[in-house]
Protein chains: 2
Amino acid sequence: MTAAAATTVAFSPVRCDIPASNDGDAVPVVLTRCSRCKLRDLCLPCGLSGRDAERADELVYTRRRVRRGESIYREGDAFVSLFAVWSGVFKTTQLLEDGREQVTGFQMAGEMLGMDGIGPEKHSCSAVALENGEVCVIPYSRLEALGREVHALQQQFHKVMSREIVQEHGVMLLLGTMRAEERLATFLLNLSRRLVARGYSPSEFNLRMTREEIGSYLGLKLETVSRAFSKFQDDGLISVEQKHIRILDIAGLRRRVGQKLEP
Amino acid sequence: MTAAAATTVAFSPVRCDIPASNDGDAVPVVLTRCSRCKLRDLCLPCGLSGRDAERADELVYTRRRVRRGESIYREGDAFVSLFAVWSGVFKTTQLLEDGREQVTGFQMAGEMLGMDGIGPEKHSCSAVALENGEVCVIPYSRLEALGREVHALQQQFHKVMSREIVQEHGVMLLLGTMRAEERLATFLLNLSRRLVARGYSPSEFNLRMTREEIGSYLGLKLETVSRAFSKFQDDGLISVEQKHIRILDIAGLRRRVGQKLEP
DNA sequence: CGCGCTGTTGAAACTTGTCAAAGTTTGTGG
DNA sequence: CCACAAACTTTGACAAGTTTCAACAGCGCG
């Protein structure tokens, strides 16, 4: 199954010692190379070629393992680096003063984490692993410096940030104008689209998040999410076995969202 | 009153002809200078000093008048420039395929518009003036080029984009976890805070948007917004006379949002 | 001066949340 | 490997909050 293929490591990390960088991180690390990474076309260096692609290798010196439930950074932490998901699925969550929490996003391979920290110089949300995974650490000072030299990298970075803004507009639309079932359908279609881009099946996947986390993201209670799943199943649009989802009628699912949402 | 002061033009535009720029805009324009602008500490060049501030003058060659109801750009338009609000209030709106529309933000002096366009290379929302106003046109290619030379400008730009992301997370929190009254209270507090930063009264202002636009932004129907206004008035938190709002008890308003939201 | 847009308010309908109970799966430790 | 506890999911009944529909008032523009 394709799912297994993409989890396979198409990459051999090479141990080496890196001289102390000027941002205070001087431990022996795993050398990673963006130019050889299986995710290069999904990730920040997407579109870079030739010399530019090689220079992108200077971006990432460490890849960090994160175990299920562990966080990459927490709300309030000083901002130092961006992170690119290499494997696993993550969620970002934000707290309201009175303790209410919301999931503001789910991130999978190739997606960037931490851009919220640049402006305030500290993270405004927490990033938590939903399963064991790895993230590439991109020291922000390095990205800034390299961006000035490698024009295409700078552009790429701006595009990534911009797309983050666009995507959040989409979530605002979802939260502001859609009903429960429309929200869930949109969520499933979005997930499907992103999985396809990563070489997985568009119609069959395992959710890494709980009903509660989905609900939090969609502005719904977990019971409502559960009911919507059941409804879709009763209507023959999907089959649900706990976290295992099969999309049986993708067109029907799209019709549940007013009309269609992704082409 | 402070409101009048900030509308006054503390700046004299100078007519001049600029040679054709390489992004196809060759009409006679108004020369503007960021380094002398009354908004420089609120806007993109915030924090630049000395030589850097002067170089920022190369960023903006035109300021564009936009009349109430007119749009700066529309969803789908090719992306060429960013815009900085110089005067007036704007809204950004996004459409859902079935015709539902949502207001995704309100922008006032010093705030940037158009960053959603960088990634997709076309605008993913429309920007419309709620009253007559002016925007500074920042050709994106120029910002990119100048950013490579003026380090601090580049950093500033990244911060602006990042803050946009953070702010949208805030809206997601609002839409995903708050009730009608909490949403409106948050909206009013946010407005008040931004007005203060611009030298206006924190407690008395005129809304430039209709109840429907507020509702759209907050994910509510206009009737619900109207009722929440009335409730706040009955409770002595604010006074409402059509669009004229006076905040009578800002602490009380904060208490309506679970606890507090802005310090 | 009147028409249209905007805003307010009431009552009924609908959607989602809340509470509760029970079933299922997962993980842990003996 | 089994037993048990904890976490997660499903479902029902009812409550609460918001929308919908409707009527009317006020303001502002032509």
Side-chain angles (χ1 to χ4, degrees), chain A residues 67-70 89 91 98 100-103 128 130-132 174-188 206-235 238-245 256-258, chain B residues 67-69 91 100-103 128 130-132 174-188 206-235 238-246 256-258:
Chain A
R67 276 188 299 189
R68 182 181 166 164
E70 284 180 359
V89 176
K91 67 171 177 182
D98 60 2
R100 278 178 285 187
E101 188 187 57
Q102 183 171 34
V103 172
V128 179
L130 296 179
E131 59 183 344
N132 295 346
L174 176 146
L175 292 171
T177 68
M178 295 186 189
R179 319 263 194 70
E181 287 181 20
E182 297 180 298
R183 294 184 197 189
L184 186 64
T186 304
F187 172 73
L188 291 173
N206 280 298
L207 298 172
R208 305 297 149 137
M209 60 294 278
T210 66
R211 302 288 190 263
E212 183 164 23
E213 287 163 333
I214 297 172
S216 173
Y217 179 62
L218 298 178
L220 301 169
K221 293 294 160 185
L222 67 98
E223 294 92 333
T224 308
V225 173
S226 180
R227 279 184 245 271
F229 269 124
S230 301
K231 183 67 163 46
F232 287 167
Q233 179 160 246
D234 293 348
D235 295 352
I238 64 177
S239 93
V240 184
E241 283 169 53
Q242 299 295 124
K243 307 224 153 161
H244 187 84
I245 305 291
R256 292 287 170 116
V257 194
Chain B
R67 276 188 299 188
R68 183 183 166 161
K91 67 171 177 183
R100 280 178 285 187
E101 188 188 58
Q102 183 170 34
V103 172
V128 179
L130 297 179
E131 58 183 344
N132 295 346
L174 177 147
L175 292 171
T177 69
M178 294 186 188
R179 319 271 200 54
E181 287 182 20
E182 296 180 299
R183 294 184 197 189
L184 186 64
T186 303
F187 173 73
L188 291 173
N206 281 298
L207 298 171
R208 305 297 150 142
M209 60 293 278
T210 65
R211 302 288 190 263
E212 182 164 25
E213 287 163 333
I214 297 172
S216 173
Y217 179 62
L218 298 178
L220 301 169
K221 293 296 161 186
L222 67 95
E223 293 94 331
T224 309
V225 173
S226 179
R227 280 184 245 270
F229 268 124
S230 301
K231 183 67 163 46
F232 286 166
Q233 178 159 248
D234 292 349
D235 295 353
I238 64 177
S239 93
V240 185
E241 281 168 55
Q242 298 297 123
K243 306 225 154 161
H244 187 84
I245 305 290
R246 211 162 352 143
R256 292 289 170 113
V257 193

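Sequence lines set the chain letters: A, B, ... in the order given, protein chains first and strands last, and positions in each chain run from 1.
The two residues B/Asn132 and B/Arg67 make their nearest non-hydrogen contact at OD1-CA, 3.3 Å. When every heavy atom of A/Leu184 is checked against every heavy atom of A/Ala228, the shortest pair comes out as CD2-CB, 3.6 Å.
Atom CG in B/Asn206 sits about 12 Å away from atom P in C/dG7, given to the nearest Å. For B/Leu220 and C/dG7, the CG to P distance is 15 Å, given to the nearest whole Å. Rounded to whole angstrom, the span from the CG atom of B/Leu130 across to the P atom of C/dT6 amounts to 12 Å. One interatomic measurement links the two molecules: CZ of B/Arg100 to P of D/dT19, which rounds to 13 Å at whole-angstrom precision. Atom CG of A/Leu207 is separated from atom C1' of D/dC8 by 13 Å (rounded to the nearest Å). Rounded to whole Å, the distance from NZ on B/Lys243 to P on D/dG28 is 10 Å. For A/Glu212 and C/dT16, the CD to P distance is 18 Å, given to the nearest whole Å. D/dC8 atom P lies 15 Å from atom NZ of A/Lys221, rounded to whole Å.
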Can you list, pair by pair, the side-chain donor-acceptor contacts under 3.5 Å of residues 216-227 of chain A, counting residues two or more places apart and other chains?
unit_1: A/Ser216; atom_1: OG; unit_2: A/Val103; atom_2: N; d: 2.8

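The closest side-chain heavy-atom distance from A/Phe187 to A/Leu174 is not below 4.5 Å.
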*Pairs counted as Watson-Crick or G-U wobble with both distances under 3.5 Å: what dot-bracket string results for DNA chain D, using | for bases tied to another strand?*
||||||||||||||||||||||||||||||

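As judged by a 4.0 angstrom heavy-atom cut-off over every strand, B/Gly219 is placed among residues touching the sugar-phosphate backbone only.
With sequence neighbours excluded, the residues that form a side-chain contact (heavy atoms from CB on, under 4.5 Å) with B/Glu101 are B/Thr93, B/Leu95. Shown here are the salt bridge (charged side-chain N to carboxylate O under 4.0 Å, His left out) partners of B/Lys243, two or more places apart in sequence or in another chain: there are none. Qualifying salt bridge (charged side-chain N to carboxylate O under 4.0 Å, His left out) partners for B/Arg208, counting only residues two or more places apart in sequence or in other chains: B/Glu131. Legend: residues meeting salt bridge (charged side-chain N to carboxylate O under 4.0 Å, His left out) with A/Glu181, ordered by chain and number and at least two apart, are A/Arg256. Considering only residues two or more places apart in sequence or on other chains, B/Gln233 meets the side-chain contact (heavy atoms from CB on, under 4.5 Å) condition with B/Ser239, B/Val240.
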For nucleotides 10-16 of chain D, which of its nitrogen or oxygen atoms have a protein nitrogen or oxygen under 3.5 Å away, and what is each distance?
unit_1: D/dT10; atom_1: OP1; unit_2: A/Arg211; atom_2: NH2; d: 3.2
unit_1: D/dT10; atom_1: OP2; unit_2: A/Arg211; atom_2: NE; d: 2.8
unit_1: D/dT10; atom_1: OP2; unit_2: A/Ser226; atom_2: OG; d: 2.8
unit_1: D/dT10; atom_1: O5'; unit_2: A/Ser226; atom_2: OG; d: 3.2
unit_1: D/dT11; atom_1: OP2; unit_2: A/Ser230; atom_2: OG; d: 2.5
unit_1: D/dG12; atom_1: N7; unit_2: A/Arg227; atom_2: NH1; d: 3.0
unit_1: D/dG12; atom_1: O6; unit_2: A/Arg227; atom_2: NH2; d: 3.3
unit_1: D/dA13; atom_1: N6; unit_2: A/Arg227; atom_2: NH2; d: 3.4

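Comparing D/dT20, C/dG27, C/dT18 against the side chain of A/Arg68 picks out C/dG27 as the nearest.
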